[in-house]
Amino acid sequence: MKSFHFNRSARIIKRNEFVYLSNKGQKLKNEHFIAAVGPGRSNITRLGITVTKKIGCAATRNRIKRFTREYFRLNRHRIQGNWDINIIARQKASAISSKIAFSSLEKLFDDLAKESNYKEYIIDFY
RNA sequence: GGAGCAGGCCAUACGAUCGUCGGGUCAUUUAAGUGAUCCGGAGGAAAGUCCGAACACCAUAGAGCAGGGUGCUCCAUAACGUGGAGUCGCGGCAACGCGAAGGAAAGUGCAACAGAAAGUAUACCGCCGGCAGGAUUGGGCAGGCUUGAUGCCUGUCUGUUUUGCCGGUAAGGGUGAAACGGUGCGGUAAGAGCGCACCAGUUUUUCGGGUGACCGGAAAAGCUUUGUAAACCCCACCUGGUGCAAGACCAAAUAGGGAAAUGUUUGAGGGCUGCUCGUCCGAGUUUCCGGGUAGGUCGCAAGAGGUAACGGGCAACUGUUACCCAGAGAUGAAUGAUCGUAGUCCGGUUCAGAGUAAUCCGGACCGGAAACAGAAUUCGGCUUACGGACUGCUCCGGCC
RNA sequence: GUCCCCAUCGUCUAGCCCGGUCCAGGACACCGGCCUUUCACGCCGGCAACAGGGGUUCGAAUCCCCUUGGGGACG
């Protein structure tokens, strides 16, 4: 039985951590999103979402955040190990629908899963 | 059927699964936390931050000036720049809508270009009079010359015309957004509210209605006054400042540093408002160099609430009684996703009906979707964005 | 969140307070011509803007209101 819980402890909260990820994390791009990934500081994989004001009004930004959070909640188990992931929305995601968002995030998570598994292997190896 | 006006109303509903934030209870745990369960979890605009208040701090929130705001009247309200009812003006055929709507007869400023002249008088053209000069193949008179006569010359009077000067006028004048009441008659040298009649307006007095803005009427004064105050300003009224990042408490960390200037009752400096006064605190304060922390708790969710009846009021609103609710409280920031059913809207296809037709209405099927938009101390408004259905009303067209 | 400020040619700006002289001036850039063997410099000419809407006024870049966009301060 997989767990689909997602509460506050699985989120990136502090500003330092966001800055660290945007400076030093590895970045994966997509049409709608950017994922900045770095090794996790806590013992679980955590998610942070960045949606700037340029993307739209408050309702639009909240919608994007909810889509992203929902997808992460349901697909977290695909990523091995402890990582900090920051999903940054790009400007094309402003008028996105839920289905397109989910398919777009799926592609991104496919890449993420490959990368994470590979890195996990290397870390184990050493 | 079309076009339009006004008003309040709704903001998909229900079920299942997986989640999320707050609170209560239980379990576990030293505690933080974790898990289970129950309850609650966005809007009409939550938005813009344009007003008003509550609340907190600044002295208890002080005085004067400055500054800012409002601006027809009465009422409502905790308050308002808001609302209601009216007045006046403007727009619309109408339903109805809009109006920063006090004062230009307190003062100052401005009115480009054009035009004679732009606000108080002036006089460029024009019209008229007087004086002086010129012209005159208009007319009269006198004198002279000459002749047969007509005639010619000079002077003078009058007329016409013209030039200059002085004066009178404001009827008329390419302009301009705007030109000093309008029309007619009289009057005059020419003209003019110069006089008169009617009309329009203003001021003063007065009568009636209205709480009032104002409305209706009468009389008098020839009084005719340009526009602009969303230009300065005057008048009336309101207004202390800062905003929950207000503010209160707890904890952590480093340092109780160095240099310069100034000051200690003859008072530095600071707070209260921009200035002055007044008042309070008062032994440190300011600048530079160097270093450190930026976490948590409270504020923070229970009434200027809603509905109904009765009473007051045209209404906004308000008094009493009864009932209904206890109704979000996050802080990298919760209220979501998927599926199903029903319903609404939009688009397409098809069938039937009305009609010459455009088109309209109804049924079925398929596809799509909800428009604007997300609490951040809390309320009352305003403004802006936007989907839908309903009710009432107005105008136009057609048929009976 | 609370409170402020700004918007003018492609870019940087003047004009705004106190309305008309402004179909908005200047510099750089761009285009064309002259000069030069050619390029540059220089000279001449041209193109090009008042964020959007409404109001006040005879008249608005300027005054007032609303909206849009951008920027800043505050623990």
Side-chain angles (χ1 to χ4, degrees):
Chain A
M1 180 73 190
K2 289 163 191 166
S3 159
F4 295 117
H5 303 304
F6 177 67
N7 55 22
R8 201 162 291 278
S9 64
R11 293 192 197 173
I12 303 170
I13 288 174
K14 292 198 174 181
R15 179 171 168 76
N16 292 341
E17 298 167 346
F18 278 95
V19 171
Y20 176 81
L21 279 181
S22 61
N23 286 341
K24 301 199 172 178
Q26 193 185 358
K27 284 170 192 165
L28 301 170
K29 276 189 190 174
N30 199 355
E31 196 183 355
H32 303 289
F33 299 98
I34 301 170
V37 189
R41 295 186 180 182
S42 70
N43 53 1
I44 50 171
T45 300
R46 299 189 304 167
L47 176 72
I49 307 169
T50 303
V51 187
T52 59
K53 259 191 181 176
K54 281 186 181 175
I55 284 165
C57 56
T60 313
R61 280 180 275 139
N62 274 348
R63 194 165 55 242
I64 292 167
K65 285 188 209 170
R66 282 182 193 131
F67 291 155
T68 313
R69 219 179 299 132
E70 184 71 14
Y71 190 84
F72 180 79
R73 181 175 73 80
L74 296 172
N75 297 277
R76 187 162 58 157
H77 58 273
R78 292 170 58 191
I79 294 166
Q80 308 287 322
N82 310 324
W83 301 94
D84 282 351
I85 305 168
N86 185 18
I87 303 283
I88 303 165
R90 308 182 72 184
Q91 199 141 18
K92 278 193 177 176
S94 57
I96 203 168
S97 75
S98 62
K99 286 186 179 173
I100 296 172
F102 286 160
S103 65
S104 173
L105 283 167
E106 189 162 21
K107 287 177 200 164
L108 199 65
F109 267 62
D110 286 343
D111 295 346
L112 257 177
K114 283 180 203 165
E115 287 281 324
S116 65
N117 292 342
Y118 177 67
K119 282 192 179 175
E120 187 78 2
Y121 172 75
I122 290 184
I123 289 168
D124 282 351
F125 182 78
Y126 288 108

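Proteins get letters first, then strands, A, B, ... in listed order; numbering begins at 1 in each.
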Report the distance from atom CD of A:E70 to atom P of B:rU20, rounded to the nearest whole Å.
10 Å
To the nearest 0.5 Å, tell me how far A:L47 CG sits from A:D84 CG.
9.5 Å
Pairing partner of B:rU136 (Watson-Crick or G-U wobble, both distances under 3.5 Å)
B:rG159
How far does NZ of A:K29 sit from CD1 of A:I34, to the nearest 0.5 angstrom?
6.0 Å
Between A:A58 and A:V51, which has a closest nucleotide on RNA chain B that is more 5'?
A:V51
Would you mind telling me which of B:rG332, B:rG336, B:rA334 lies closest to the side-chain atoms of A:N62?
B:rA334
Taking atom P in both B:rA85 and C:rU62, what distance in whole Å separates the two?
37 Å
From B:rU335, B:rG336, B:rG374, pick the nucleotide closest to the side chain of A:A59?
B:rG374
Syn/anti label of B:rG71 as read from its glycosidic torsion, with the cut at 90° from 0
anti
Could you work out the separation of B:rA16 and B:rG40 based on their P atoms and round it to a whole Å?
15 Å
For a quick test of reading the model, state the closest non-hydrogen atom pair linking A:F102 to A:F67 and the distance between them.
CE2-O, 3.6 Å
Partner lookup for B:rA352, please. Criteria are Watson-Crick or G-U wobble with both distances under 3.5 angstrom; report none if nothing qualifies.
none
Given the 90°-from-0 boundary between syn and anti, B:rA245 should be labelled anti
Distance (rounded to the nearest 0.5 Å) between A:I85 CD1 and A:T68 OG1:
12.0 Å
Taking CZ from A:R63 and P from B:rU338, how many angstroms apart are they, rounded to a whole number?
12 Å
Watson-Crick or G-U wobble partner of B:rA53, both distances under 3.5 Å:
B:rU378
Atom pair CD/CG of A:E106 and A:D110 - distance to nearest 0.5 Å
6.0 Å
May I ask you to say what A:T60 touches in the nucleic acid, namely base, sugar-phosphate or nothing, with a heavy-atom cut-off under 4.0 Å?
nothing
Looking at every strand, decide which applies to A:R69 at a 4.0 Å heavy-atom threshold: base, sugar-phosphate, or nothing.
sugar-phosphate
Can you measure A:Y71 atom OH to B:rG19 atom P for me and round it to whole angstrom units?
17 Å
Rounded distance in Å between the P positions of B:rU264 and B:rG284
14 Å
In whole angstrom, what separates A:L47's CG from B:rA334's C1'?
15 Å
Please measure how far the P atom in B:rU378 lies from the corresponding atom in B:rA252, and state the result in whole Å.
33 Å
Paired with B:rA177 by Watson-Crick or G-U wobble geometry, both distances under 3.5 Å: which nucleotide is it?
none
Gap between atoms CG and P, on A:N75 and B:rG19 respectively (whole Å):
14 Å
Expressed in angstrom and rounded to an integer, what is the separation of A:K65 atom NZ from B:rC21 atom C1'?
14 Å
Integer-rounded Å distance: B:rG332 C1' and A:R46 CZ:
12 Å
Among B:rA375, B:rG19, B:rU335, the one nearest any side-chain atom of A:R73 is B:rG19
Which whole number of Å gives the distance between the C1' atom of B:rG381 and that of B:rU205?
47 Å
Given the C1' atoms of B:rU82 and B:rA53, what is the spacing between them in whole Å?
13 Å
Measure from the side-chain N and O atoms of A:N30 to the backbone N and O of A:S104, and report whether any donor-acceptor pair falls under 3.5 Å.
yes
When both distances are under 3.5 Å in a Watson-Crick or G-U wobble arrangement, the nucleotide paired with B:rG284 is B:rU262
A:F33 and side-chain contact (heavy atoms from CB on, under 4.5 Å): which single residue from A:I64, A:T50, A:L28 fits?
A:I64
Does B:rC223 have a Watson-Crick or wobble mate here (both distances under 3.5 Å), and if so which one?
B:rG201
With rounding to the closest Å, how many angstrom separate the C1' atoms on B:rU37 and B:rA248?
38 Å
Taking the chi torsion of B:rA121, is it syn (within 90° of 0) or anti (everything else)?
anti
By the Watson-Crick or G-U definition, both distances under 3.5 Å, B:rU188 is matched with none
Does B:rG340 have a Watson-Crick or wobble partner in any strand here, with both distances under 3.5 angstrom, and which is it?
B:rC14
Distance, nearest 0.5 Å, that separates CD1 of A:I87 from CZ of A:R69:
12.5 Å
Within the modelled atom types, does a donor on one side and an acceptor on the other bring the side chain of A:R66 and the base of B:rG374 under 3.5 Å apart?
yes
Whole-Å gap separating P (B:rA330) and CZ (A:R61)
20 Å
Glycosidic conformation of B:rG193, taking syn as within 90° of 0 and anti otherwise:
syn
Separation between the C1' atoms of B:rC281 and B:rA59, rounded to whole Å:
11 Å
